[in-house]
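Heads up: the structure comes next, in structure tokens.
Quick note: numbers below take in every heavy atom, side chains included, and nothing from hydrogens, waters or symmetry partners. Naming: A, B, ... by sequence-line order, numbering from 1 per chain.
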There are 2 protein chains.
Amino acid sequence: MKKDFIYLAKLQDYYRDHRVLPSYRTMTEVLGLASKSAVHALIARLIDEGFVSKTPDRRIAPSDRFFERPLAQSAVRAGMPSFVEDSVSDSMAVDHYLIDNPTHSLLVPVQGDSMINAGIHDGDIAIIDTMLSYKAGDIVIADIAGEVTLKTLVRDEGLWALKPENPDYPLIQPKDEWRVVGVLVGLMRKYR
Amino acid sequence: MKKDFIYLAKLQDYYRDHRVLPSYRTMTEVLGLASKSAVHALIARLIDEGFVSKTPDRRIAPSDRFFERPLAQSAVRAGMPSFVEDSVSDSMAVDHYLIDNPTHSLLVPVQGDSMINAGIHDGDIAIIDTMLSYKAGDIVIADIAGEVTLKTLVRDEGLWALKPENPDYPLIQPKDEWRVVGVLVGLMRKYR
DNA sequence: TTTCTTATAGAACGATTGTTCTTATTGTTA
DNA sequence: TAACAATAAGAACAATCGTTCTATAAGAAA
């Protein structure tokens, strides 16, 4: 129903402000309904349409569609990117987009231009997952005798080697003890 | 306390999976505690340290610090960015880092390789501020006769022009009506 | 060791939760 | 118009909530 989207918008606003969905009783206030059973029915509809879901312990949680916004596709078609009004949940989406495993994630500032041809610049922040298994071709953070460096992991004559993405730098064939600290899973950069 | 960070990590993982914090009873299971009062005390501590907060209707919500990730110091002394450091190593929230003005921000997927030499790749997500004033040298999203494009804004013979950062593409000197939609303030990219 | 502090367990409490039911209202279709 | 479906109100319910208390266990400091 059309009115449901108005309710949904109010819930999105509430979620943006509090990062939690309110209880049914509070929803009656937030949504302007007088009864919990009306809220109950609404939530049932929203669950049906995939906007919210229930956790194992019966809590109401936003699901993927809850965060959906008219974004890229409409941007291309309409010719104009639609503006982001509901921003915090969008910035939360940023966190969600970049970080899969909060517990295993590590942010490492990039130094130097040894990876410039991979589009990784000095000052960028690399998002590293420390629990992911690595394979040849991955960009990884390696710890070589206490020195930490970001390079592409490759096989070289049957051994692991670390390849800079910049012809000015040599291939590194670690001799000392070394290990892969984590795998690059994301990158962020700030302008201005 | 040191153990609190382990508990926090488990809550972060739960939140990642469900987008809600569980009830105290469920927390006992998630955290491996036997009593709700232990959870109660833990939450009180986490509130104290700013990781979680309470909503008006007494629900537990994550707050800013909840989303912070450990940030490795640029000059890594010990040689290794240990991320389960008990002492509070530097940390930051990715959404706060990337988005200054949520209300004015817009996320636009990058298409094509016309900005490759600026380290902006196909598939990257550009973070645009639509309220910032622009000047020559800024990378901007421009709307040219309904077509949206990301380019470097330059002066060319006294007029604004849009320069791709890729020699294969020509300088754009807009003749039709056009306007700057916003200025590039951030970039994010996902690997794997 | 002993003392002191902090963390956890366990039980009990009233308050609040989400659910379910019936009844009224609203909107839509024939 | 009448008939039907969808939505909302209102009351009642057991289940679960978060809180609070005391008691025990674990650590840290002296």
Rounded to whole angstroms, how far apart are [atom1] on [X] and [atom2] on [N]?
{"X": "B/Arg59", "N": "D/dT16", "atom1": "CZ", "atom2": "C1'", "result": "12 Å"}
{"X": "B/Asp57", "N": "D/dC17", "atom1": "CG", "atom2": "P", "result": "15 Å"}
{"X": "B/His40", "N": "C/dA11", "atom1": "NE2", "atom2": "C1'", "result": "15 Å"}
{"X": "A/Glu29", "N": "C/dT16", "atom1": "CD", "atom2": "P", "result": "12 Å"}

Next on the checklist: So, OP1 or OP2 of D/dT19: does either fall under 4.0 Å of a side-chain N or O from B/Lys54?
Outcome noted: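 Result: yes.
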Checklist entry - Does a side-chain N or O from B/Arg25 land closer than 4.0 Å to OP1 or OP2 of D/dC17, or not? => result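 Yes, within the criterion.
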Hey, what are the protein-to-nucleotides 8-11 of chain D N/O distances that come in under 3.5 Å?
residue	atom	partner	partner atom	Å
D/dA8	OP1	A/Tyr7	OH	2.8
D/dA8	OP2	A/Arg45	NH2	3.2
D/dA9	OP1	A/Ala34	N	3.2
D/dA9	OP2	A/Ala34	N	2.8
D/dA9	OP2	A/Ser35	N	3.4
D/dA9	N7	A/Ser35	OG	3.2
D/dA9	N7	A/Ser37	OG	2.9
D/dA9	N6	A/Ser37	OG	3.4
D/dG10	N7	A/Ser37	OG	3.4
D/dG10	O6	A/Ser37	OG	2.7

Item to check | Residues A/Asn101 and A/Thr103: side-chain donor-acceptor under 3.5 angstrom | outcome: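 No, A/Thr103 and A/Asn101 have no side-chain donor paired with an acceptor closer than 3.5 Å.
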Item to check | Qualifying residues under side chain to side chain contact (heavy atoms under 4.5 Å, CB included), relative to B/Asp100, sequence neighbours excluded | outcome: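 For B/Asp100, the residues satisfying side chain to side chain contact (heavy atoms under 4.5 Å, CB included) (neighbours in sequence not counted) are A/Lys190.
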Next on the checklist: Regarding B/Arg16 and B/Asp13, does a basic nitrogen lie under 4.0 Å from an acidic carboxylate oxygen?
Outcome noted: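 Judged by the 4.0 Å cut-off on N to carboxylate O distance, B/Arg16 and B/Asp13 do form a salt bridge.
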Next on the checklist: In terms of relative ring orientation, are A/His96 and A/Phe67 parallel, tilted or perpendicular, with 30° and 60° separating the classes?
Outcome noted: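 Rings of A/His96 and A/Phe67: parallel, as their planes differ by under 30°.
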Item to check | Nearest-nucleotide pick for B/Arg58, side chain only, options being C/dG18, C/dT16, D/dT16 | outcome: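 For the B/Arg58 side chain, the nearest candidate turns out to be C/dT16.
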Sequence neighbours excluded and cut-off under 3.5 Å, please list the side-chain donor-acceptor pairs for residues 31-43 of chain B, or say none.
residue	atom	partner	partner atom	Å
B/Ser35	OG	B/Ser37	OG	3.3
B/Ser35	OG	B/Ala38	N	3.2

